[in-house]
Q: 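The structure is given below, and queries will be raised subsequently.
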Amino acid sequence: MTDTPDKRPQREDYARSGVDIKQQRERLVAPSIKRKLPNPANLARRRALLRWAKWLLPATALLLLAAIAIWPEMEHLISASQTTIRALSKVKIESGNLIGATYRGVDEHNRPFTITADTVHQATDSRLDLSHPIADILTQGGEWLMVRSEKGVYMQHAQILDLTGEVTLYRDDGLMMHTPVADIDVRTSIVASDSWVRAEGPFGVLDAQGFVLSQHDGITQFRGPGRLILNDDRHSNAAAGKKAS
């Protein structure tokens with residue numbers, strides 16, 4: 001009898017010896033992993049971490065909620081601080097002088113006043129030398145009074161402002177006064193001068209040798225000799241001049 005040839009397909013990867021098969025099986029078998037039991041120290045550490053987590057997570061949530069609640073107020077404070085910083089950035093200090101200064105306060109009747117100046121020099125603890133000062137004062141009847149000059153000296157403790165050099169006083173009722181010097185008692189809102197003064201307003205024109213203006217009492221006194229020309233007199237004189245011509 002003759003042996004019939006094996007016609008089954010032959011693959012080289014199946015042509016392995018018994019040794020190769022045994023080694024491959026040993027590599028495929030996963031080694032058994034033995035898990036160690038935690039000791040008491042590890043168990044205590046894990047319990048401590050769990051206790052901390054129980055307190056830490058709610059506290060973090062409360063902090064987040066509080067931050068969300070107070071954030072609008074914080075944003076308002078930040079905006080106010082930025083506004084203050086921008087205002088302070090406009091104020092410059094050069095050679096002991098303060099440039100662009102503003103002083104605000106209230107008088108003895110709780111009426112606000114403001115004093116501004118181009119430059120301020122601290123001469124002493126209570127004396128400030130001002131360049132181009134402007135004083136804004138609120139009157140008893142709610143009117144506005146402004147006094148300006150070329151130079152000034154402000155005594156902080158006494159709250160007295162001495163003005164010199166083309167002093168101009170303007171009140172919103174139309175009164176305008178010009179004098180070379182004037183003193184302002186900011187505490188009592190009194191303006192006075194011992195020098196000549198020229199006042200113009202709806203009433204006419206007045207020239208005098210001094211004046212005292214009390215904002216609280218609403219009284220203005222002029223010292224003579226002086227000259228007063230009322231608006232009616234000016235109109236009458238103009239009409240008489242035309243008639244005579």
Q: Residues in side chain to side chain donor-acceptor pair (under 3.5 Å) with S214, at least two apart?
A: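 Counting only residues at least two positions away or on another chain, S214 forms a side chain to side chain donor-acceptor pair (under 3.5 Å) with D217.
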
Q: Might you work through the side-chain contact (heavy atoms from CB on, under 4.5 Å) test for L161 and V147, ending with a clear yes or no?
A: CA-CA 10 Å; L161 179 62; V147 186; over 6 Å; no

Q: Specify the closest pair of heavy atoms between H178 and T168, including all atoms of both residues, with the distance to one decimal.
A: ND1-OG1, 3.5 Å

Q: Please tell me if the side chains of L145 and V191 come closer than 4.5 Å, counting only heavy atoms from C-beta onward.
A: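 Answer yes - side chains close enough.
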
Q: Determine whether Y103 and L163 fall in the same hydrophobic cluster, where Ile, Leu, Val, Met, Phe, Trp and Tyr are linked whenever their side-chain heavy atoms lie under 4.5 Å apart.
A: yes

Q: Identify the two heavy atoms, one from D129 and one from R127, that lie closest to each other, and give their separation to 0.1 Å.
A: OD1-NE, 2.8 Å

Q: Return the CG to OG1 distance between L130 and T116, rounded to the nearest 0.5 Å.
A: 9.0 Å

Q: What I'd like to find out is whether the side chain of D136 reaches to under 4.5 Å of the side chain of I134, using heavy atoms alone.
A: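 D136 vs I134: side chains touch.
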
Q: Tell me whether F203 is reachable from F222 by hopping between hydrophobic residues (I, L, V, M, F, W, Y) whose side-chain heavy atoms are closer than 4.5 Å.
A: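 F222 clusters together with F203.
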
Q: Side chains of V186 and Y154: does their closest heavy-atom pair fall under 4.5 Å?
A: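 Result yes, sub-4.5 Å side-chain heavy-atom pair found.
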
Q: If you compare all heavy atoms of A135 against all heavy atoms of I184, which two are closest, and at what distance to 0.1 Å?
A: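 Of all heavy-atom pairs spanning A135 and I184, the closest is CB-CD1, 4.3 Å.
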
Q: Quick one: closest heavy-atom pair of L175 and A199, and the distance?
A: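 L175 and A199 have their closest heavy atoms at CD1-CB, 4.3 Å.
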
Q: Group every Ile, Leu, Val, Met, Phe, Trp and Tyr by side-chain heavy-atom contacts under 4.5 Å, then state whether M176 and L213 land in the same group.
A: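 M176 and L213: separate clusters.
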
Q: Without swapping roles, check the side chain of D172 against the backbone of W144 for a donor-acceptor pair under 3.5 Å.
A: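 Present.
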
Q: If you draw a 6.0 Å radius around CD in E166, do more than 12 non-hydrogen atoms from other residues or ligands fall strictly inside?
A: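 For E166, atom CD is not crowded (no more than 12 foreign heavy atoms under 6.0 Å).
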
Q: Does any part of the side chain of L169, heavy atoms only, come nearer than 4.5 Å to the side chain of V197, both counted from C-beta?
A: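 V197 does not reach L169 side chain to side chain.
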
Q: What closest approach, in Å, do V106 and Q159 show between heavy atoms, and which atom pair accounts for it?
A: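 Where V106 meets Q159 most closely, the heavy atoms are O-NE2, 4.4 Å.
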
Q: Heavy atoms only: give me the nearest S189-R111 pair and the separation to one decimal.
A: OG-NH2, 3.5 Å

Q: Any side chain to side chain donor-acceptor pair (under 3.5 Å) pairs touching residues 190-201, not counting sequence neighbours?
A: T179-S193, D194-R223, R198-E200, R198-D207

